[in-house]
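The chains referred to below are lettered A, B, ... by the order of the sequence lines, with proteins before strands, and numbering in each begins at 1.
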There are 2 protein chains.
Amino acid sequence: MTESSSADAVLATANVVPHRKKYARKKIAAIEAAARVFADKGFHGATTQDIAAEMGIQQGSLYYYFKSKEAALQEVCEYDFSNYVQRMKKICAKDQPFEAKMLAIVTSHLTNYSQKSNAMKVHNEQRLYLPAERRVVLKELGTTYRRLLEQTLAEGIAQGLVRNDIDTHFVAYSIIGICNSWGANLFRDDSLDVFETIEQCSDLILYGTLNKR
Amino acid sequence: MTESSSADAVLATANVVPHRKKYARKKIAAIEAAARVFADKGFHGATTQDIAAEMGIQQGSLYYYFKSKEAALQEVCEYDFSNYVQRMKKICAKDQPFEAKMLAIVTSHLTNYSQKSNAMKVHNEQRLYLPAERRVVLKELGTTYRRLLEQTLAEGIAQGLVRNDIDTHFVAYSIIGICNSWGANLFRDDSLDVFETIEQCSDLILYGTLNKR
DNA sequence: GAGTTTTTCTATAGATTTATAGAATTATTC
DNA sequence: GAATAATTCTATAAATCTATAGAAAAACTC
């Protein structure tokens with residue numbers, strides 16, 4: 001559970017000045033520490049003391065990195081989210097058969113979960129404790145993601161591959177629901193295999209449970 | 001959002017002595033008030049003051065009904081759960097075609113959500129904040145429920161109606177995941193139609209998204 | 001290495017929160 | 001209606017939590 005790698009997003013915003021670079025690195029560590037603690041104890045259950053301890057600093061020092069506890073939650077929820085939506089855009093833009101796209105979408109979702117699990121878990125479970133003002137960016141990104149999914153389904157229908165009697169809006173929400181539900185399971189249970197889970201999820205979404213007649 | 005009706009469960013345990021009956025009634029009101037508050041603010045975000053205010057009593061008086069805040073969470077999570085599992089048992093015991101059973105299961109789940117929404121929401125989202133000792137009953141009931149679902153799927157396979165290459169364990173979890181995800185949506189969005197949602201959920205589970213060839 | 005900037009620490013104000021004890025009130029019983 | 005039991009209230013102890021201010025330490029610059 002390191003969640004490193006995509007320091008990129010935050011690092012990119014930092015100037016090349018060594019000072020800022022070092023700050024940015026530690027800021028990422030702070031976000032990831034907060035993500036771990038919030039994932040474990042929930043926003044209200046976690047204390048700034050917990051987060052500071054997770055970073056190995058004193059409680060008061062935490063405020064060098066976060067303006068407030070609430071700001072920390074917001075940053076955790078937004079952490080790497082736009083990269084994730086970006087990846088979704090790429091998947092949807094590709095010229096591939098519907099089944100392959102769906103597999104790629106589920107893969108992206110669950111892979112992201114198994115890599116950025118804490119931040120994603122916190123986003124899914126705790127973001128509603130943020131006041132609406134702090135959720136505008138999240139809402140936008142979430143809507144973009146869902147629309148891409150709906151669009152992909154609509155394309156599948158247009159190609160005659162997907163049933164034309166489904167409600168794309170409903171199915172999009174359902175897919176997100178299944179993926180998040182399995183994401184949480186993967187988080188909880190180490191013995192689960194990510195790729196096995198991916199297979200089964202997309203299989204269920206595509207084919208359902210009934211035998212073909 | 002009254003959540004009355006099934007006072008039965010708790011009332012049944014109370015002796016016929018008028019005293020106990022009145023206490024039991026108010027205790028149910030306490031559980032439902034706690035459910036509303038926990039659903040809204042989360043376990044740690046809610047205060048005993050909030051729950052007391054919701055009941056129209058003073059903070060200290062709340063301890064006449066709950067031994068502790070944690071005990072209140074446990075009681076909310078367990079509230080009406082065993083009735084719910086009981087209903088599931090009846091559905092599964094019936095001699096009906098697989099499709100009808102699945103529709104009944106989804107209906108039971110989502111109908112329960114729209115009636116006992118607060119307690120169910122709290123159960124789904126907050127129960128893990130309880131220490132393991134307080135979750136034994138919940139765990140048992142949950143396992144029973146999932147097993148019934150798995151068994152129903154297995155019967156469907158035996159009858160040749162359900163694909164024999166699915167993993168019943170995985171599919172059972174997925175069904176629960178979809179239902180809970182839509183339960184939460186129904187909770188949030190009043191404009192959604194419960195029966196429409198039920199239709200769509202079971203349709204997706206049964207037939208998936210692809211056209212038959 | 002003196003001076004400057006960044007990072008961390010300590011200490012604390014001020015507000016909340018859970019849970020308890022004992023008094024006060026209300027309801028029930030005979 | 002006096003005696004008893006149930007319910008609610010008030011007041012408070014004890015613990016905890018966020019956020020801030022200013023000092024101390026560490027890192028960096030020239």
Side-chain angles (χ1 to χ4, degrees), chain A residues 7 10-11 13-34 37-38 40-76 122 126 129-131 134, chain B residues 7 10-11 13-34 37-38 40-76 122 126 129-131 134:
Chain A
V10 186
L11 277 176
T13 24
N15 248 319
V16 203
V17 184
H19 273 143
R20 303 225 174 263
K21 213 169 180 176
K22 195 195 163 195
Y23 178 85
R25 243 198 311 272
K26 194 116 196 219
K27 169 97 194 202
I28 288 163
I31 293 175
E32 291 181 352
V37 173
F38 286 150
D40 187 38
K41 306 192 164 186
F43 174 62
H44 292 292
T47 66
T48 52
Q49 163 62 39
D50 293 330
I51 300 170
E54 180 79 19
M55 290 180 69
I57 61 175
Q58 293 302 108
Q59 185 266 336
S61 307
L62 191 66
Y63 286 77
Y64 187 64
Y65 295 102
F66 297 116
K67 198 144 193 218
S68 69
K69 190 186 168 190
E70 206 175 78
L73 176 59
Q74 180 179 352
E75 298 204 48
V76 168
V122 172
Q126 313 286 327
Y129 296 132
L130 288 171
R134 286 196 185 271
Chain B
V10 186
L11 277 175
T13 23
N15 246 317
V16 204
V17 183
H19 274 145
R20 303 222 173 265
K21 213 171 183 178
K22 195 195 163 194
Y23 178 85
R25 242 200 310 272
K26 194 114 197 219
K27 169 98 193 199
I28 288 163
I31 293 175
E32 291 180 352
V37 174
F38 286 151
D40 187 38
K41 306 191 163 188
F43 174 62
H44 287 113
T47 66
T48 53
Q49 163 62 40
D50 293 330
I51 300 170
E54 180 80 19
M55 289 179 70
I57 62 175
Q58 293 302 108
Q59 186 266 336
S61 307
L62 191 67
Y63 286 77
Y64 187 63
Y65 295 102
F66 297 117
K67 200 146 191 215
S68 68
K69 189 186 167 189
E70 206 176 76
L73 176 59
Q74 181 179 352
E75 298 203 48
V76 168
V122 172
Q126 312 287 326
Y129 297 132
L130 287 171
R134 287 197 185 269

- Nucleic acid contacts - residues 50-62 of chain A versus DNA chain D, non-hydrogen atoms under 4.0 Å: A:Gln59, A:Gly60
- Message: Restricting to non-hydrogen atoms, name the atom on B:Phe38 and the atom on B:Ala46 that form the minimum distance, rounded to 0.1 Å.
- Response: CD2-CB, 3.7 Å
- Note on the structure: When rounded to whole Å, the NE2 to P distance for the pair B:His44 and D:dT16 reads 14 Å
- Within less than 4.0 Å of OP1 or OP2 of C:dC9, is there a side-chain N or O belonging to A:Tyr64? no
- Task: Would you mind classifying the nucleic acid contact of B:Ala72 as base, sugar-phosphate or nothing, using non-hydrogen atoms under 4.0 angstrom?
- Result: nothing
- Task: Have a look at B:Phe66 and say if it touches a base, only the backbone sugar-phosphate, or nothing, with a 4.0 Å heavy-atom cut-off.
- Result: nothing
- Is A:Thr48 near enough to D:dT18 that one of its side-chain N or O atoms lies under 4.0 angstrom from OP1 or OP2? yes
- Whole angstrom is fine here: how far is it from OH in A:Tyr63 over to C1' in D:dT20? 10 Å
Let me have the donor-acceptor pairs involving side chains of residues 51-67 of chain B, under 3.5 Å, with sequence neighbours excluded, atom names and distances please.
unit_1: B:Glu54; atom_1: OE2; unit_2: B:Arg36; atom_2: NE; d: 2.5
unit_1: B:Glu54; atom_1: OE2; unit_2: B:Arg36; atom_2: NH2; d: 3.4
unit_1: B:Gln59; atom_1: NE2; unit_2: B:Thr48; atom_2: OG1; d: 3.0

- Rounded to whole angstrom units, what separation is found between the CZ atom of A:Arg25 and the P atom of D:dA27? 14 Å
- Item | Qualifying residues under side chain to side chain contact (heavy atoms under 4.5 Å, CB included), relative to B:Gln126, sequence neighbours excluded | A:Tyr129, B:Phe43, B:Leu73, B:Val122, B:Tyr129
- Message: Checking A:Gln49 now: which residues fulfil side-chain hydrogen bond (donor to acceptor under 3.5 Å, both in side chains) with it, not counting sequence neighbours?
- Response: none
- Message: What is the separation between atom NZ on A:Lys69 and atom C1' on C:dT16, rounded to the nearest whole Å?
- Response: 12 Å
- salt bridge (charged side-chain N to carboxylate O under 4.0 Å, His left out) filter on B:Lys41, not counting sequence neighbours, yields B:Asp50
- Message: In whole Å, I'd like the distance from the CD atom of A:Glu70 to the P atom of D:dC17.
- Response: 18 Å
- Item | Nearest-angstrom distance from the residue atom NZ of A:Lys22 to C1' of C:dT8 | 10 Å
- Item | Presence of A:Lys26 side-chain N/O under 4.0 Å of C:dT8 phosphate oxygens OP1/OP2 | yes
- Nearest-angstrom distance from the residue atom NZ of B:Lys27 to C1' of D:dA6: 15 Å
- Item | Length of the CD-P vector between A:Gln49 and D:dA15, whole Å | 17 Å
- Message: Looking at every heavy atom in both A:Arg134 and A:Ser68, which two are closest together, and how far apart are they?
- Response: NH2-OG, 3.9 Å
- Return the set of residues passing side-chain hydrogen bond (donor to acceptor under 3.5 Å, both in side chains) with B:Glu75 (not counting sequence neighbours), or none when no residue passes. B:Lys27
